[in-house]
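Beneath this line is the structure, given in C-alpha cells, with notes to follow.
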Amino acid sequence: ATSTVCAVFPIIEENGVRRVLVLPQTEFHPGGHSPLHHPPPPPPHATHTHTHFCFTKSEDRMLYTHPPHGRAAFAHRDERASKTYERLQKKLKERHGVGGGGGGGLALSKDSPPPSPQKSRGTPPSGGDLQNGLGGKGADEQAQPSTAVTSLGKSPGRGKDTESGGRIYIRVLEPLDFTYEVSVSHSGKDGKFKIYVLCVFRVQAMCNCLQGVPSEPVSFTTLSCEPDGPSPPRKTSGTKSSLVLQWKAPCDNGSKIQNYILQWDEGKGTGAFEQCYYGPQKQYRLTKLSTASRYYFRLAAKNDMGVSEFSDVVHIMTSCSVPAPPLSPELIQSGVTWLCVRWHRPAGSPKEDEISYVLEMEEEGSGYGFQASYDGDELSHTVRNLHRSTTYRFRVIAYNAEGKSNPSGVSEFTTAPDRPGCPCRLTMKGKPHPTSFRLTWGQFMFIFFFFSLSLHLLAPPLVDGGSAVSSYSVEMFAPQVDEGWEVYQGSELDCTVGSLLPGRTYGFRLRAANKAGYGPFSERSEVTTGPGAPEVCRPPHVTCKSPTCAVISWEAPPCNGAAVSEYRLEWGAAEGSMQMCYTGAALSHEMKGLLPATNYFCRVQAVNVAGVGPFSDAVLCQTPCSVPAPVSSVHTLRESEMRDEEARPLLYSSSTCLGLRWEAPCDHGSEIMSYLIDLGERQPILTGPVTKYIIQNLHPDTTYRIRIQALNSLGAGPFSHTFKLKTKPLPPLPPRLECTASSHQTLRLKWGDGPAKAQPTDSLQYHLQMEDKNGRFISLYKGPCHTHKVQRLNESTSYAFRIQAFNEAGEGPFSTVYTFTTPRSPPAPLKAPRVERVDESCEVSWETLPPMKGDPVIYCLQSMQGNSEFKQIYKGSATSYQLPNLSSSTEYRFRVCAIRQCQDAPEIIGPYSSTVIMLPPRVDTPGVSGTTGSKAAEAQKPKRSLTDEQFSFLIIALLAVTSILIAVAIQYFVIE
C-alpha cells in the first residue's frame with residue numbers, strides 16, 4: 001500500500017512574514033495500512049517560529065502546532081540535506097530573476113522567504129516509490145497543487161480536539177485527489193489562537209530535489225475566545241478578621257476582560273464554593289472573618305466570549321493572636337552529650353494556626369544566658385554536643401505571624417555521666433586568675449585559690465589492683481624545694497591546702513592506696529599561681545614646701561608576680577573623707593593650692609594587672625602658718641546698729657557716716673591683730689581686731705570704694721574685693737502747714753506745693769502730728785500726700801499741729817507748731833412747720849430747739865406768695881406765728897430756720913426746714929360739697945419735701961441698683 005504525505009515547512013522571511021511550504025511525498029507501506037507519518041524537520045533558520053508537526057494516522061492529517069517549550073523539535077541536519085537546501089536556494093534565486101508567473105509569481109517575492117527543505121528523519125524514498133506515490137505525473141503537474149483553508153477553529157466532525165487545541169485545516173488537492181489537513185496553534189498546550197494573528201500559507205511540490213511553482217498565498221486571522229485561566233489569588237495583607245486578596249490579569253485572548261469571579265468556601269471546608277466578589281477590580285477585601293481560620297479561594301476571568309476556567313484552589317488563613325506561653329519542656333531521654341526534649345502545643349491555640357517554636361538553652365554556670373538551640377515547628381528536638389554530667393536549663397517560646405509568646409517555665413535537665421577515662425598528667429584548664437586556677441588530668445581535678453588550694457578527685461583510678469581504693473595521698477612541692485610533703489591523706493575526693501602565695505610555682509603529685517599499700521605517684525605537675533594584687537604600701541612621706549604646697553613621696557611595695565602599673569594617692573582634710581588626687585606610675589606627687597595651718601590626711605595604694613592592693617596607713621601633716629585670708633564679705637550697718645551700748649539717740653548721721661560690718665577671715669594659724677580700711681583717695685584707717693566700724697566725716701550723697709585687709713604677726717593678708725558704698729543725702733526741711741477748710745468738726749490741712757494725691761515715684765514723705773490733752777504730739781498721718789483732713793473735732797476749739805519731712809537720707813526736723821481753731825456749730829435743721837387756715841388767716845407753728853452751750857436760739861419764718869421770692873415774715877423766739885389777711889385765690893409757701901445768737905460772735909443761721917404749701921380754698925356746689933369735703937381737707941394739708949440728706953440717699957440707692965444691673969448684664973452677655 002502506498003500513501004502520499006505532505007511535508008510542511010514553516011519559513012520566516014527577512015522582513016518577518018511567516019510562510020508555510022507544503023511538499024507532497026509518497027511512501028510505501030507493506031501492510032496495506034497508512035501508518036503515522038512523521039514530517040521532515042524544518043530548516044534551521046525556521047526554528048524561531050516555535051512550530052512542530054504531527055500526522056494523524058486515520059485521516060492522513062498533518063497537524064501544525066507550536067511546541068510546548070517554545071522551540072522547534074527537529075533532528076540534526078545531515079550533509080545531504082544541506083546540499084539539497086543549497087540547490088533549492090539556487091533554483092529559487094534563478095526563478096526570482098526570471099520573474100515567474102501565475103501561482104509561482106510569489107516564489108521569491110518580498111513577502112516570501114526562500115524555501116528550506118531538509119532531509120527526513122527516516123531514509124528518503126526511492127525514485128520508484130516516489131513515482132508511484134505521484135501516480136506517474138510530471139514535475140510540473142506536481143508543482144501545481146491547489147490550496148484552500150477549509151476550517152478555522154476547532155476541528156469539525158470530532159468530539160474533542162487533541163492537545164493542539166483549535167486548528168486551521170488546509171486541503172491540498174493532488175492529481176490523485178488526496179486530502180491533507182494542516183493544524184496551526186499559537187498559544188501553547190491550550191491550543192487556542194491569539195486574536196489578530198496574521199498567518200500566510202502557500203503550497204509547493206517537490207520531487208527528487210525538483211521544486212514546483214508555489215501556490216497563491218492564503219492569509220487568515222484567528223478569532224477571539226474566552227480568557228486563559230488566571231493564576232490563584234494571593235494574600236497581600238490581612239488581620240485577625242479581614243483578608244485583602246490580589247490577582248493578576250490573565251491573557252484575554254483578544255477580548256478585554258470585563259469582570260472577575262472570586263469564589264470561596266466561607267471557611268466551612270466542605271468543598272462547596274460561593275461567589276464572594278464579581279467585578280473588574282484586581283483585588284478584594286473580605287471582612288468579618290474568624291480568627292485563625294482557613295479559607296479556600298478560586299478565581300475566574302470573564303470577557304465577551306465567555307468565562308475562563310477557574311484557577312487552582314488556594315487556601316489562605318486569617319491572622320491569629322499571639323500564642324499563649326507553652327508548658328515547660330519535658331525530657332524524653334538523656335545521653336552523655338545529648339538531651340532529647342519535647343514540649344506541647346500552647347493550650348487554646350487553634351489547629352489551623354501555624355505555630356513555630358524556639359527552644360532556648362542555658363548551661364549552668366556559663367554566664368551566657370539562654371541561647372536558641374532550635375527553631376521550627378516540631379514538638380521535640382535533640383540537643384547535641386553537650387557536656388557530660390552537666391545541668392542545662394531549657395525553655396520554649398511559641399510564635400506565629402502575630403508575634404512571640406512569653407517564655408515557658410524553665411526546666412532543668414542533666415546529661416548522663418560518662419565513664420571515666422585513664423588518669424593522665426596534670427594540665428591547666430583555662431586561664432589562670434589572680435585568685436584561682438584550675439588543673440585537670442582525666443579522673444582528677446585541682447582547684448587552687450589565693451592563699452588556699454582545693455583538690456577535687458572526680459573518680460578513683462581505673463586499675464585498683466583488685467581491691468577498692470581506701471585512701472589518697474597528695475604531696476606538694478614548694479618553690480625551689482626538691483623535697484615535697486604530704487598535704488592531704490584520706491578517703492575524701494577533695495581537700496584544701498592553705499598558706500599559698502600568688503605568683504609562685506608549686507608542684508603536686510597524687511597516689512592511691514588499698515589493702516596492699518600505696519601505688520606509684522602520678523607524674524609531677526608544675527603549676528604557677530596567678531599574679532596577685534600588690535601588698536600594702538608603706539606610709540607616704542610628706543614635705544611642706546610652703547604654706548600652700550606639699551610634696552608626697554612613697555616606696556614601691558612587693559608586687560606579687562606582676563609589676564605595679566600605677567599608684568593611687570588620696571588626700572583630704574578629714575581621715576574619713578579623702579578623695580583621689582593622683583593616679584600614675586611616679587613615686588611622688590606635688591599638691592598645690594593648700595590652706596595654711598591646716599591638717600591634711602593622705603594614703604597611697606598600688607595597682608597591677610591582678611588587682612588593687614590595700615591602702616597604706618593614713619599620714620597626718622599640717623601646713624605652716626601664713627598671713628590672714630582675705631575678708632570675704634562687707635555689709636553696711638543699719639541705723640539701729642549705729643547706737644552705742646547705752647542706747648542713747650543716734651550719734652551718727654547716715655549722710656556723713658558709713659557703718660561697716662564684716663566677717664573675720666581665717667587667721668591661718670596666727671591671730672589677727674588689726675584691720676586696714678582703704679577708702680581710695682583718703683587716708684587708710686587702721687582699726688583694732690574688731691569686725692564693726694563707723695567711718696565719720698564723709699560727704700553726703702557720695703559713693704566710696706572700700707576694701708578691707710586683715711593683719712597678723714606674719715604680715716598683711718590680701719585685700720578683699722572692692723565694695724561700693726554710698727552716703728545718704730541730707731534730710732529734707734519741714735514744709736509750711738496751712739488750713740484750707742474748716743467746720744465745727746473737721747479741719748483740712750495742706751503743706752508743700754505738690755498734688756493732693758501721692759505719685760508712686762515720690763520718695764519724699766511727710767509725718768503730721770497733733771498735740772493731745774496731755775501735751776504730747778501724736779501721729780495723724782505718715783505718707784507722700786500733701787493734704788490731710790482731721791475729723792471728729794470739737795467746735796470752737798484750738799488744736800496744735802507740727803509736720804516733718806523725710807526721705808532716703810532720713811528724717812528731717814519738725815516744723816514750728818501751728819494752731820488752728822474750729823468754728824461754732826450752726827443750729828440743727830428744723831422739721832417742716834405746721835399750717836392751719838382760720839377763715840382769712842393761718843397759723844404757722846414749728847418745733848422748739850434747746851439753747852446751744854448757753855447761746856439762745858431764735859427762729860426766722862419766711863413765706864412765699866405765688867411765684868414770688870421768700871420774704872421774712874417773723875423773727876423771734878416764739879414757736880408759732882399767725883398770718884392775717886390771706887388771699888383766697890393765692891397759694892402760700894412757708895419755711896423756718898433756727899438762729900444761734902452768740903455772745904462774742906455774730907449770729908449763726910442754721911439750715912431752713914422743708915417747704916410747706918398751703919393751697920387756696922375751693923368753692924364747691926351744695927350737692928358735691930359733701931363728697932368732696934374730705935378731698936379738700938386733704939388738699940389743704942401741707943406737703944413735705946425731701947431734705948438734702950434724704951435726696952442724697954435716694955441718688956446713692958439709684959446708682960447702686962444701676963451698677964448691680966450693669967454687672968449682671970456683663971456677666972450674662974459678655975463673660976458667659
Side-chain angles (χ1 to χ4, degrees), residues 231-247 264-269 276 283-297 312-335 337-387 390-415:
S231 301
R234 60 186 180 88
K235 175 183 175 182
T236 58
S237 63
T239 61
K240 298 179 182 179
S241 61
S242 65
L243 288 174
V244 178
L245 304 182
Q246 193 176 18
W247 53 85
W264 68 326
D265 66 341
E266 298 180 346
K268 300 177 181 179
C276 62
Q283 68 176 10
Y284 181 65
R285 178 183 180 91
L286 292 93
T287 58
K288 299 181 180 180
L289 305 180
S290 301
T291 303
S293 299
R294 188 186 305 272
Y295 296 88
Y296 290 86
F297 298 91
D312 296 336
V313 177
V314 63
H315 67 86
I316 301 175
M317 290 189 61
T318 55
S319 302
C320 306
S321 58
V322 177
L327 298 177
S328 301
E330 301 175 356
L331 179 65
I332 300 177
Q333 191 177 0
S334 63
T337 60
W338 54 271
L339 290 172
C340 186
V341 182
R342 69 179 178 185
W343 53 89
H344 299 282
R345 188 180 179 90
S349 59
K351 297 181 180 179
E352 293 80 2
D353 190 6
E354 297 179 358
I355 300 179
S356 300
Y357 305 92
V358 177
L359 178 64
E360 295 184 343
M361 179 186 71
E362 179 188 23
E363 182 178 355
E364 184 179 16
S366 65
Y368 294 107
F370 284 94
Q371 303 291 330
S373 60
Y374 171 74
D375 188 349
D377 54 0
E378 299 293 335
L379 294 176
S380 63
H381 179 66
T382 300
V383 186
R384 304 184 183 277
N385 299 325
L386 304 179
H387 300 291
T390 305
T391 300
Y392 295 89
R393 304 176 68 194
F394 293 89
R395 66 182 185 184
V396 179
I397 298 176
Y399 69 92
N400 58 9
E402 291 298 316
K404 291 185 178 182
S405 69
N406 293 329
S408 66
V410 178
S411 300
E412 294 186 358
F413 307 124
T414 304
T415 54

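Note that the numbering runs from 1 along the sequence shown for the chain.
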Inset, instruction - Would you list the pairs meeting salt bridge (charged side-chain N to carboxylate O under 4.0 Å, His left out) in which at least one residue belongs to residues 313-334, sequence neighbours left out? - result: E330-R342
Legend entry - Of all pairs that satisfy salt bridge (charged side-chain N to carboxylate O under 4.0 Å, His left out), the ones with a partner from residues 357-377, not counting sequence neighbours: E360-R395, E362-R393
With sequence neighbours excluded, what pairs up with [X] under the side chain to side chain contact (heavy atoms under 4.5 Å, CB included) test?
X: R294; answer: Y296, H315, M317, E352
X: L331; answer: S334, L339, F413
X: R345; answer: S349, D353, I355, Y357
X: T382; answer: W338, C340, R384

Among all residues two or more places apart in sequence or in another chain, which pass the ring-ring contact (aromatic ring centres under 6.0 Å, His included) test with [X]?
X: F297; result: none
X: Y392; result: none
X: F370; result: none

Inset, instruction - Only counting residues at least two apart or in another chain, list the ones meeting side chain to side chain donor-acceptor pair (under 3.5 Å) with D265. - result: none
Legend entry - Which residues share a side chain to side chain donor-acceptor pair (under 3.5 Å) with S241, sequence neighbours left out: none
Legend entry - Passing candidate, side-chain contact (heavy atoms from CB on, under 4.5 Å) with L245, options T236, V314, L286: L286
Inset, instruction - Kindly say whether S328 contributes a backbone atom to a donor-acceptor pair with the side chain of S411 at under 3.5 angstrom? - result: no
Legend entry - Nearest-0.5 Å distance that lies between atom CD in Q246 and atom CZ in R234: 5.0 Å
Legend entry - Atom pair NE2/OG of H387 and S366 - distance to nearest 0.5 Å: 9.0 Å
Inset, instruction - Work out which heavy atom in K404 is nearest to a heavy atom in I397; give both atom names and the distance. - result: CB-CG2, 4.1 Å
Inset, instruction - Give the ring-plane orientation class for Y374 versus W343, where under 30° counts as parallel, over 60° as perpendicular and anything between as tilted. - result: tilted
Legend entry - Which residues share a salt bridge (Lys or Arg N to Asp or Glu O under 4.0 Å) with K268, sequence neighbours left out: E266
